[in-house]
Amino acid sequence: MTGGRKIIILAATLLTAGSALAQEGRRTDALTVALISDIRSSSPGVNRDANSDTVLHHVVEGLVAYREDLSVAPMLAESWQVEDGGRTYRFRLRDGVSFHNGAPLTSAEVVWSWRRYLDPKTLWACTRFFDGTQGPKVLDVEAPDPRTVVFRLQEASGLFLIAMANLQCNAAILHPDSIGPDGAWRAPIGTGPYAFRNWQRGRQIELARFEGYRPAEGARDGMAGAKIAYAERLRFLAITDASVMKTALLAGNVDVVPVMSPNDVDDAKARGIQVSVQSTFAWQVMLMQTRDPLLADVRVRRAIAHAVDLREVAQSLSFGLAGPNPAAVPLASPYYGSAFAAWPAHDPAAAKRLLKEAGYAGQPLRIQTSTRPGGYFDAAVMIQAMLAEAGINAQLETLEWATQLQNYNTGKFQLSSFVYSSRLDPALGYASLIGDKTRFPFAQWDDPQAKALLDAAKASSEPAERGRLFASLHQRMADAVPILGIYNPVEVSAAGPRVRGYKTWPAGNERFWGVWKE
């Protein structure tokens, strides 16, 4: 061996050792994170909400994932090929990946996981994106060899990889031991940087670092790239009161608070708290049940739109940090343009004229809301006052969050103050709204022409064409007013003085890999 080669090898060894020592210096016993409510389920994409997604994304992974630029990256797949005119996707799995029970990842677990998701009995939230209802129909999932998985679609679709990476779907690859011999769900056995350890319902969830985790290549990038678990344990505490969250953070009992009132920012900074302000793809709305006898009349829905000053509500809820957005296309989306600002203008006099035309005689309209942090209650109070000014008898109905969410899923409301978690592609945002209410009670907009426009946007992979289709959808929505969009919330999160590596991103989903305490 030459002297030059010895020097190169020695330098490489020292760099590796230095990197290991640097990482060892970041080893942290535990990170404690506040959640605004308990998770709903430990089964990925089943009976989910944003809190469930946040926790489980540390435990499980899918074949692909979103980067921060909203492109789709490999995750458990190292690559894929598109064949047969877009009707076949052939994924090559990464080598050396293990489940939390020590079993190696093979194509057999991918096939098992996806066949379980596609089984209607699983009640997976995103089956409709893969069964031909609101996306391509997956005809079969095959495993020709241990590292190859083949998906066969009925037709080509520009939505397939986007939906597969969708944060709300959480199309995780699980080990079959996640299910008991009787077919009942046990707990997620995934491939992520943390293993699911303990769930004290209503109180906390604890995850433990998986020492056998093999990170993907590249730096942390959205939900993709390397996921380095510096903390031995992640502890998520359910704290439903914002003031209690803040107190726990200031006392050092909690390391990260993902939702802080903008009104508390200056005080928190003065006490050494690190504050992050991030525009998100979430969407604060007022849901409208268009099958309700009153709200079935488009004149009443348009009156509501004229009655509400979206700018005032958005500015008040965000303490001046955000403007209004009535569209299902987020302001930060590359598809957003001036066409998406079109909406019935704030005009209480026009609202009163429409109500008179509709024969409205003061019947009560109930606004469901909750005191869950995130502006649900404050938005409802402001909108109630604006509706009253226009002559609408709006009454608040304050519920526990679990009840309000169940009512959303089953369509049991007149009006409901609600927040959609981030949909990173507009097609996914519109798919949350558009659908047959008989089949999907959570759908807000039961309109065949809107569905046809959405289907065309899902099928296309051409950005300019998709942008035109989204603009047409919004114009139609501005006429029908099946929902009242308010704004894209600005996420104000806070971390204790010792926390390092914590970084927010527009998706709003918290990531605690790459995070440590000094």
Side-chain angles (χ1 to χ4, degrees), residues 40-41 43-50 52-53 56 62-64 66 72 86-87 89 113-141 151-174 281 283 285 287 289-291 328 405-412 418 420-461 466 469-470 473 477 482-483:
R40 293 179 59 81
S41 168
S43 182
V46 177
N47 190 22
R48 57 152 296 278
D49 65 359
S52 309
D53 297 339
L56 292 176
L63 294 175
V64 296
Y66 270 115
V72 177
R87 291 189 294 271
Y89 282 74
S113 296
W114 269 92
R115 289 182 177 171
R116 175 178 173 270
Y117 290 134
L118 295 173
D119 182 349
K121 294 178 182 177
T122 302
L123 300 178
W124 187 43
C126 291
T127 305
R128 67 189 190 278
F129 295 131
F130 300 96
D131 67 358
T133 303
Q134 291 188 331
K137 183 174 183 178
V138 176
L139 298 176
D140 200 5
V141 187
F151 286 74
R152 302 199 185 277
L153 312 182
Q154 189 172 59
E155 59 188 10
S157 171
L159 187 69
F160 180 64
L161 290 176
I162 291 171
M164 187 178 272
N166 185 12
L167 298 175
Q168 289 75 32
C169 293
N170 200 354
I173 307 307
L174 299 165
F281 280 61
W283 193 32
V285 300
L287 304 175
Q289 179 49 268
T290 57
R291 286 190 171 179
L405 183 58
Q406 179 63 19
N407 287 350
Y408 158 74
N409 286 326
T410 55
K412 294 179 180 178
F418 197 76
Y420 287 103
S421 54
S422 295
R423 271 69 171 168
L424 302 190
D425 185 272
L428 299 175
Y430 281 111
S432 299
L433 310 177
I434 298 169
D436 178 355
K437 283 178 174 286
T438 300
R439 188 172 179 185
F440 303 112
F442 57 81
Q444 299 300 294
W445 194 10
D446 195 341
D447 178 352
Q449 292 188 41
K451 183 180 184 302
L453 287 168
L454 176 58
D455 287 344
K458 290 175 180 176
S460 175
S461 57
R466 299 183 88 224
L469 290 165
F470 294 142
L473 267 171
M477 191 168 81
I483 190 171

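Because only heavy atoms are used, hydrogens play no part in the values below, and waters and symmetry mates are left out as well, while side chains stay in. Position 1 is the first residue of the sequence; numbering continues from there. Since the model is a prediction, treat every value here as computed from it, not as a measurement.
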(request) Please lay out, stage by stage, how R291 and T438 fare under the test side-chain contact (heavy atoms from CB on, under 4.5 Å). (result) CA-CA 10 Å; R291 286 190 171 179; T438 300; 3.0 Å; yes

Once you round to the nearest 0.5 Å, how far does [atom1] of [X] lie from [atom2] of [Y]?
{"X": "L454", "Y": "L428", "atom1": "CG", "atom2": "CG", "value": "9.0 Å"}
{"X": "Q444", "Y": "Y408", "atom1": "CD", "atom2": "OH", "value": "6.5 Å"}
{"X": "R40", "Y": "Q406", "atom1": "CZ", "atom2": "CD", "value": "6.5 Å"}
{"X": "F129", "Y": "K458", "atom1": "CZ", "atom2": "NZ", "value": "6.0 Å"}

Which pairs would a plain distance check flag for residues 162-170, meaning a side-chain donor or acceptor within less than 3.5 Å of a matching protein atom at least two apart in sequence or in another chain?
unit_1: N166; atom_1: OD1; unit_2: Q168; atom_2: N; d: 3.3
unit_1: Q168; atom_1: NE2; unit_2: S421; atom_2: OG; d: 3.1
unit_1: Q168; atom_1: NE2; unit_2: S422; atom_2: O; d: 2.5

(request) Examine distances only and state if a side-chain atom of Q154 and a backbone atom of L139 form a donor-acceptor pair shorter than 3.5 Å. (result) no

(message) Between T122 (side chain only) and R116 (backbone N and O only), is there a donor and an acceptor less than 3.5 Å apart?
(response) yes

Using a 4.5 Å cut-off on heavy atoms from C-beta on, say whether the side chain of [Y] contacts that of [X].
{"X": "Y89", "Y": "L161", "answer": "yes"}
{"X": "R48", "Y": "L56", "answer": "no"}
{"X": "L287", "Y": "F442", "answer": "no"}
{"X": "W114", "Y": "I173", "answer": "yes"}
{"X": "L123", "Y": "N47", "answer": "no"}
{"X": "V138", "Y": "L153", "answer": "yes"}

Looking only at non-hydrogen atoms, find the nearest pair between [X] and [Y] and report the distance.
{"X": "E155", "Y": "P136", "result": "O-CB, 4.1 Å"}
{"X": "L159", "Y": "Q134", "result": "CD2-O, 3.7 Å"}
{"X": "Y430", "Y": "M477", "result": "CE2-SD, 4.5 Å"}

(request) Assess whether side-chain contact (heavy atoms from CB on, under 4.5 Å) is satisfied between T133 and F440, documenting all intermediate values. (result) CA-CA 11 Å; T133 303; F440 303 112; 3.5 Å; yes

(message) Taking side chain to side chain donor-acceptor pair (under 3.5 Å) as the definition, give me every residue that meets it alongside D140, ordered by chain and number, with sequence neighbours left out.
(response) R115

(message) For I434, run the side-chain contact (heavy atoms from CB on, under 4.5 Å) check against L473, D447, D446 and tell me which one passes.
(response) L473

(request) Tell me, with the steps shown, if I483 and F418 meet side-chain contact (heavy atoms from CB on, under 4.5 Å). (result) CA-CA 11 Å; I483 190 171; F418 197 76; over 6 Å; no

(request) Scan F130, F151, W124 and name whichever one has a ring-ring contact (aromatic ring centres under 6.0 Å, His included) with Y117. (result) W124

